[in-house]
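A short worksheet on the structure shown next.
Every chain is numbered from 1 and lettered A, B, ... according to where its sequence line falls, protein lines coming before strand lines.
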Amino acid sequence: MMRQIVTNKTRNQELADIFHQMAGCYRYLGPEQRFRSTAYENASGTIQSLKNDISIYAANAKSLNRLNNIGSSIAEKIIEYLGTGKIAAFERLKREVPKGLLELMNISSFGPATVKLLHENFDISNKEDLILAIESGKLKDAKGLGEKKLENLMRGLKLYKTGQERVPLSTGLKAGTKLLETIQKINGIVKADLAGSLRRGKKTIGDIDMVICAQKQDWKRITNRIKEIGQIERILVSGDTKVSFLLKQNHIQVDIRLVQVDEYGAALLYFTGSKEHTLKLRLLAKEKGWKLNEYGLFDVKTGEKLAGKTEQGIYERFGMKYIPPELREGRDEIELANEHKLPDLVKSAL
DNA sequence: GAGAAC
DNA sequence: GTTCTC
């Protein structure tokens with residue numbers, strides 16, 4: 001629903017960043033290091049999804065080990081970083097892999113092979129070199145660099161420069177439905193839907209939101225499968241209940257949440273938004289002595305769950321007509337639904 | 001704790 | 001690199 005912006009860099013962020021860079025180094029160093037690279041990428045994601053400062057978990061290597069994707073080796077490096085502010089292995093890697101190349105691998109959607117090619121054949125070692133080379137047209141006939149790839153690269157650069165733009169609904173919808181189709185094939189997924197502004201059919205979207213419901217015991221396996229999807233450029237956050245990543249093709253950010261079966265409607269409602277709409281619903285709930293959150297609709301006094309499995313059920317419990325996502329803008333749709341005066345939506349084939 | 005899978 | 005398995 002919303003893009004996460006990291007303003008002040010926390011220690012977790014810094015560590016996650018280092019591990020992400022280390023992952024990049026290993027990726028650049030060759031296919032033999034492929035698993036090592038993803039291991040660091042996973043660790044980076046785990047740290048980013050941590051709710052508390054890393055030091056809380058870092059009393060000793062043992063407790064760090066309990067975190068997903070953090071084994072003995074990375075645990076040691078975390079402790080090293082907390083103590084000295086540096087990680088020797090990273091300092092070593094930095095000397096082997098030019099920093100500009102690392103940045104290129106992140107923004108360009110080119111793999112290490114192409115970046116290597118650019119570096120060795122065109123003496124391109126950073127973003128600026130690349131821009132100059134593109135503008136001079138000397139990359140035009142390079143082998144392994146088709147027109148299409150070049151185009152992708154330039155878009156990536158542009159996005160990087162302006163810092164993630166919103167994309168037209170049609171683009172988001174195309175990418176989103178394709179992603180949804182891929183993900184729905186994963187075993188154990190009971191139900192999955194797009195949420196956020198994509199589901200509300202806004203003219204432009206900032207990112208792709210998706211809610212998946214499945215048995216809790218399947219969550220980990222499902223998130224692992226999701227992370228293997230070929231359309232992923234890079235993983236941003238990887239926890240048990242949430243996965244975020246950038247799409248290769250267009251660098252759109254994707255946020256996926258896993259929820260329990262009986263929470264699905266509440267979660268879908270919550271992550272579909274708009275913020276204003278769900279806020280109004282929450283206030284309405286409060287008036288009735290209820291509480292609405294992403295887990296369900298509850299009676300505050302008794303704690304009894306009144307609804308949550310389906311969106312329909314929640315609106316029904318409020319005594320109003322189902323409000324289609326397209327109308328959930330926090331204007332007067334709730335009042336209208338209460339009076340059963342909602343306008344009929346003509347379903348448009350988008 | 002080695003070995004395979006990822 | 002981590003994790004699972006034997």
- Report, as yes or no, whether the 6.0 Å neighbourhood of atom NZ on A:K291 holds more than 12 heavy atoms from other residues, nucleotides or ligands.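 Atom NZ in A:K291 is not packed in, count stays at 12 or less.
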- Message: Cation-pi check for A:F90 against A:K77: NZ or CZ below 6.0 Å from the six-membered ring centre and within 45 degrees of the axis, yes or no?
- Response: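 No; the conditions do not both hold, so A:K77 does not lie above the ring face of A:F90.
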Contact class for [X] (heavy atom, under 4.0 Å): base, sugar-phosphate, or nothing?
X: A:N42; value: nothing
X: A:S72; value: sugar-phosphate
X: A:E41; value: nothing

- Query: Is a side-chain donor or acceptor of A:D262 paired with a backbone partner of A:K309 at a separation under 3.5 angstrom?
  - Reply: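 A pair under 3.5 Å: no.
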- Message: Between A:S274 and A:R328 (side chain of the first, backbone of the second, donor and acceptor by atom type, cut-off under 3.5 Å), is there such a pair?
- Response: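 Indeed, once roles are kept as given, a pair shorter than 3.5 Å links the two residues.
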For [X] and [N], give me the distance from atom [atom1] to atom [atom2], rounded to whole Å.
X: A:L64; N: C:dG1; atom1: CG; atom2: C1'; value: 15 Å
X: A:F35; N: C:dT3; atom1: CZ; atom2: P; value: 15 Å
X: A:E228; N: B:dA5; atom1: CD; atom2: P; value: 14 Å
X: A:I78; N: C:dT2; atom1: CD1; atom2: P; value: 10 Å
X: A:R225; N: B:dA5; atom1: CZ; atom2: C1'; value: 11 Å
X: A:I235; N: B:dC6; atom1: CD1; atom2: C1'; value: 13 Å
X: A:Y40; N: C:dT3; atom1: OH; atom2: P; value: 13 Å
X: A:N224; N: C:dG1; atom1: CG; atom2: P; value: 20 Å

